[in-house]
Amino acid sequence: MSIYFDASQNFFHLSNNEISYIIGIEKEQYLTHRYFGPRLAEYHQVNQLQMIDRGFATNPISEERTFSLNTLPLETSTQGSLDYRVSNYQFRNIDGHCITNFAYDHFEISEGKRPLEGLPSLRGDQGQTLAIYLVDSIQSLEMVLYYTIYEDLPVITRSVSYTNNGTQIVYIENAGSMLLDFPRCDFDLLTLNGAHTNEATIHRQALHPGIQKIASTRGTSSPQHHPFLGLADRYTNEDQGDVYGFHFIYSGNFVAQAEVEQYGSTRVQIGINPETFEWKLSPGITFQTPEVVLNFSRQGFNQLSQTFHTLYQTYLIPKQWQQEERPILLNSWEGNYFDFTEEDLIRQAHLASILGIELFVLDDGWFGQRADDTTSLGDWYVNNAKLPNGIEHLADVIHEQKMKFGLWFEPEMISVKSRLFERHPEWSLQVPNYPQTQGRQQLVLNLSLPEVQDYLIQMLIAYLSSNKIDYIKWDMNRHLTEVGSFLLPNDQQKEVSHRYVLGLYRILSEVTERFPKVLFENCSSGGGRFDPGMVAYMPQTWASDNTDALCRSKIQYGYSYLYPPIMMGAHVSDSPNHQVGRNTPLESRFLIAMSGNFGYELAIEKQSPQELEMIKEQVIFYKKHRKLLQFGQFYRLKELDASYSTAWLFKNETEALLVYSNGLAQPAQTVQYLKTKYLEESALYKDMNTGEIYSGSELNHAGILVPRIKGDFNCFYIHWTVIR
């Protein structure tokens with residue numbers, strides 16, 4: 001691994017064993033993107049820049065009509081002149097002018113990777129970082145482009161800092177984190193789109209001229225558009241072909257876009273959404289942007305996923321949880337909703353303990369006067385009518401059952417019907433003279449306010465200091481509206497959205513660092529804020545409020561492009577399903593939930609004796625194979641089709657497990673041989689159900705006959721052990 005600067009030819013070469021990334025300097029001033037792809041042993045600029053006298057092209061050097069920034073492949077944009085494509089930054093000075101002229105100044109190379117102040121980012125000493133400094137000498141502005149390349153993965157991270165070294169205030173209207181230009185446009189664009197209860201739907205389309213964009217202005221990354229885009233060769237599939245993946249480590253409003261411009265290049269740009277952003281940059285102040293992960297695969301989407309999985313498990317989630325096994329849980333929500341007593345919970349926990357379940361989670365309804373979702377958010381005192389002996393007593397009883405205890409919070413929200421709102425109505429997001437819009441009959445606390453952050457930190461510390469809470473489910477059930485603050489001046493009101501996210505990160509950082517052994521699960525009505533920024537503090541996320549096995553097979557399939565199964569909360573729920581009303585076999589519900597971070601969320605006391613016995617056997621099976629399912633490599637074996645048929649594989653050095661779901665049964669079923677593709681070619685694998693032994697090469701290439709399956713939503717699995 002190295003970062004090398006060729007002074008004679010003015011280019012930087014970032015490389016490791018798998019990739020190269022090359023940046024040129026033109027006219028001693030402009031940064032050009034020269035290459036990103038498979039490793040190059042050396043680089044001698046064989047891919048020369050093409051210089052043509054183009055119509056309507058402006059020329060920074062008037063006598064060189066073939067040199068125009070509007071046609072060059074760049075590493076960052078210009079502003080107000082020379083380049084008309086989508087921009088990565090925008091400044092406005094106190095005179096209202098929006099012109100800058102950044103030029104290359106110098107660079108620095110350092111070992112390891114620097115943390116980003118106030119922001120989550122990847123960790124790791126196994127890399128090098130390049131900082132390229134650009135300066136606008138007229139306004140004394142400085143821009144630094146940061147690139148980190150990892151030693152062991154085909155990954156580069158990028159971010160930008162903007163500093164005002166002048167004497168006058170400037171305003172940043174657009175603070176992008178990454179821009180690069182590819183000298184081609186024959187890509188497919190890959191995005192994960194969706195909705196509440198229908199997250200992470202893979203959308204693939206050919207790029208076309210113009211701007212193709214996904215974005216959020218909801219205050220969170222949102223279930224509608226995940227902060228990710230991919231550019232894949234047209235023939236790329238799960239197992240072959242080139243693909244570039246770009247993932248934004250940020251939990252607020254974002255934009256990710258690709259522009260195909262007039263001469264056939266593609267510009268990719270990612271950053272905080274400028275529609276809801278502005279930042280007052282006073283003299284001497286620096287603004288740091290969030291980080292973007294750039295991931296390259298030569299072997300299709302599965303290899304891209306493997307890199308993301310390894311990267312986030314190793315360099316993003318809290319260190320405590322990198323190799324820590326996750327407990328099987330029972331969540332109280334769908335079995336009780338708001339209607340429960342202490343006696344109910346104790347009985348349910350006792351039964352769960354008999355079944356071998358390891359964590360009992362008390363969800364919404366335990367605090368204030370909470371009998372429904374119209375009241376009490378913000379009043380984080382125990383509801384004595386439901387829990388007369390308090391949370392600590394309930395936790396003690398759960399612990400006596402040899403189980404861990406978990407508790408639900410929605411810290412960012414406040415109910416109008418609450419003591420907290422009566423005391424501090426100014427703590428909610430609001431704009432003077434306009435009504436406050438309620439969602440789910442609740443408002444949003446203004447996390448940009450330090451006093452609100454302090455209140456939430458102190459409240460959570462008070463609960464966790466008892467050392468009786470082992471798990472926190474952190475929920476967030478509405479998006480932001482009336483985004484304003486009484487405490488900021490008029491010219492800083494568009495800072496509130498980003499300050500909210502920074503406030504959230506401060507709370508999470510302080511609480512999770514103080515209680516590293518508490519397992520935090522991120523939730524936002526399911527996958528409403530499932531992004532790398534949250535994963536940096538909470539190692540798992542409730543992937544969707546939709547627990548239907550068929551829907552979940554699609555949702556978990558989509559999220560697996562970016563996250564390993566251990567990060568995706570997945571529960572067996574009742575049938576018919578509470579979200580879509582579908583009846584599915586208990587075995588199918590188990591095999592799909594087992595393929596994520598496994599638990600149950602059902603009315604456990606209403607299960608039949610036969611169902612309870614099946615649950616007990618499922619728990620035994622999962623515990624036996626937990627290490628494989630939580631820490632093994634995960635591969636998708638077939639692309640999701642119109643009938644929702646899916647197949648995936650878990651494997652490690654000693655065993656492998658295949659899960660197949662037929663989805664919706666089809667007439668005239670075609671002959672299918674399912675190839676495992678990723679087993680060790682020379683190893684022997686024993687089928688633990690039949691005792692038959694096969695070579696990895698036979699399973700990989702000849703494949704397994706998929707039996708004819710009558711009926712919808714049926715799943716089966718095959719488990720092999722490796723014979724040495």
Side-chain angles (χ1 to χ4, degrees), residues 21 23-26 29-34 36 60 68-92 98-105 116 119 130-136 139 141-148 156-164 170-183 210-216 227-229 231 244 246-250 252-261 265-279 281 286-294 498:
Y21 191 106
I23 305 161
I25 305 172
E26 295 298 315
Q29 183 172 356
Y30 307 109
L31 297 180
T32 56
H33 179 71
R34 302 304 306 274
F36 179 26
S68 172
L69 298 188
N70 195 44
T71 61
L72 282 180
L74 298 176
E75 283 287 315
T76 188
S77 56
T78 65
Q79 176 186 327
S81 61
L82 307 177
D83 180 13
Y84 299 97
R85 293 164 287 181
V86 295
S87 179
N88 197 48
Y89 64 88
Q90 176 88 13
F91 287 86
R92 185 185 77 251
C98 296
I99 302 295
T100 55
N101 185 25
F102 283 96
Y104 170 74
D105 188 75
L116 305 186
L119 290 164
L130 169 66
I132 304 179
Y133 291 76
L134 299 93
V135 173
D136 179 333
Q139 297 187 72
L141 302 174
E142 179 185 83
M143 179 194 309
V144 186
L145 307 183
Y146 294 98
Y147 303 77
T148 295
I156 287 174
T157 68
R158 290 189 56 179
S159 69
V160 184
S161 69
Y162 304 94
T163 301
N164 183 357
V170 296
Y171 296 88
I172 308 178
E173 297 181 322
N174 179 11
S177 292
M178 186 218 73
L179 178 146
L180 68 83
D181 291 333
F182 289 95
I211 299 170
Q212 290 108 97
K213 179 174 75 172
I214 57 170
S216 174
F228 161 83
L229 63 80
L231 295 180
Y244 299 88
F246 305 89
H247 207 188
F248 197 28
I249 305 180
Y250 187 63
N253 298 330
F254 76 93
V255 62
Q257 54 191 328
E259 179 182 13
V260 175
E261 60 85 61
S265 70
T266 300
R267 170 164 290 184
V268 179
Q269 190 272 328
I270 297 177
I272 298 170
N273 195 327
E275 289 184 31
T276 55
F277 172 84
E278 186 174 276
W279 201 264
L281 201 65
T286 295
F287 182 88
Q288 173 64 54
T289 72
E291 189 167 76
V292 180
V293 177
L294 288 69
H498 182 57

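These values consider heavy atoms only, across backbone and side chains, with no hydrogens, waters or symmetry-generated copies.
- One N or O on the side chain of Gln79 and one on the backbone of Cys98 form a donor-acceptor pair closer than 3.5 Å.
- Interatomic distance, CH2 of Trp279 versus CG of Asn174, reported as 14.5 Å (0.5 Å rounding).
- Side-chain contact between Tyr250 and Pro227 is absent, with no heavy-atom pair separated by less than 4.5 Å.
- The aromatic rings of His498 and Phe287 sit tilted relative to each other, their planes meeting at an angle between 30° and 60°.
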Criterion side-chain contact (heavy atoms from CB on, under 4.5 Å) on Leu180 and Tyr244, from CA distance to verdict: CA-CA 12 Å; Leu180 68 83; Tyr244 299 88; over 6 Å; no
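- The stretch residues 68-79 participates, sequence neighbours left out, in these salt bridge (charged side-chain N to carboxylate O under 4.0 Å, His left out) pairs: Glu75-Arg158.
- Between the Tyr89 side chain and the Ser77 main chain, a donor and an acceptor come within less than 3.5 Å of each other.
- Pairing each heavy atom of Leu116 with each of Pro290, the nearest pair is CD1-C, 4.4 Å.
- Atom CD of Glu26 sits about 6.0 Å away from atom CZ of Arg34, to the nearest 0.5 Å.
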Ile272 and Thr289: CA distance, side-chain angles, deciding distance, side-chain contact (heavy atoms from CB on, under 4.5 Å) verdict: CA-CA 8 Å; Ile272 298 170; Thr289 72; 5.6 Å; no
Run the numbers on Val135 and Phe102 for side-chain contact (heavy atoms from CB on, under 4.5 Å), then give the verdict. CA-CA 5 Å; Val135 173; Phe102 283 96; 5.6 Å; no
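- Judged by distance alone, the side chain of Glu173 and the main-chain N or O of Tyr171 form no donor-acceptor pair under 3.5 Å.
- Contact record, Ser87 with Leu179: C-CD1, 4.4 Å, taken as the closest heavy-atom pair.
- Within a 6.0 Å radius of CD in Glu275, other residues, nucleotides and ligands contribute 12 heavy atoms or fewer.
- Interatomic distance, Tyr84 OH to Leu69 CG, rounded to the nearest 0.5 Å: 10.5 Å.
- In this structure, CD1 on Ile132 lies 5.0 Å from CG on Leu31, to the nearest 0.5 angstrom.
- Put simply, the side chain of Ser159 never gets that close to the backbone of Tyr146: no donor and acceptor are under 3.5 Å apart.
- Qualifying salt bridge (charged side-chain N to carboxylate O under 4.0 Å, His left out) partners for Asp83, counting only residues two or more places apart in sequence or in other chains: Arg85, Arg267.
- Smallest separation of non-hydrogen atoms from Met178 and Leu294: SD-CD1, 3.7 Å.
- Across all non-hydrogen atoms, the minimal contact from Ala131 to Val144 is CB-CG1, 3.8 Å.
- Side-chain N or O atoms of Asp136 include one that pairs as donor or acceptor with a backbone N or O of Asn101 at under 3.5 Å.
- The structure places CG of Leu130 at 7.0 Å from OH of Tyr147, a figure rounded to the nearest 0.5 Å.
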Determine, stepwise, if the pair Phe277 / Asn253 fulfils side-chain contact (heavy atoms from CB on, under 4.5 Å). CA-CA 9 Å; Phe277 172 84; Asn253 298 330; over 6 Å; no
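- Although no hydrogens or angles enter the test, the distance criterion places a donor-acceptor pair under 3.5 Å between the side chain of Gln288 and the main chain of Val160.
- The side chain to side chain donor-acceptor pair (under 3.5 Å) test applied to Gln257 returns Gln269, not counting sequence neighbours.
- Below 30°, between 30° and 60°, or above 60°: for Tyr21 and His33 the angle between ring planes is above 60°, a perpendicular geometry.
- Across every non-hydrogen atom of Glu259 and Ile211, the tightest pair is CG-CG1, 3.8 Å.
- Counting all heavy atoms, side chain and backbone alike, Leu281 lies closest to Asn164 at O-ND2, 2.9 Å.
- Between Asn273 atom CG and Ile214 atom CD1 the span is 11.0 Å, to the nearest 0.5 Å.
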Determine, step by step, whether Gln139 and Thr100 satisfy the side-chain hydrogen bond (donor to acceptor under 3.5 Å, both in side chains) criterion, reporting the C-alpha distance in whole Å, the side-chain angles of both residues, the deciding distance to 0.1 Å, and the verdict. CA-CA 8 Å; Gln139 297 187 72; Thr100 55; 6.0 Å; no
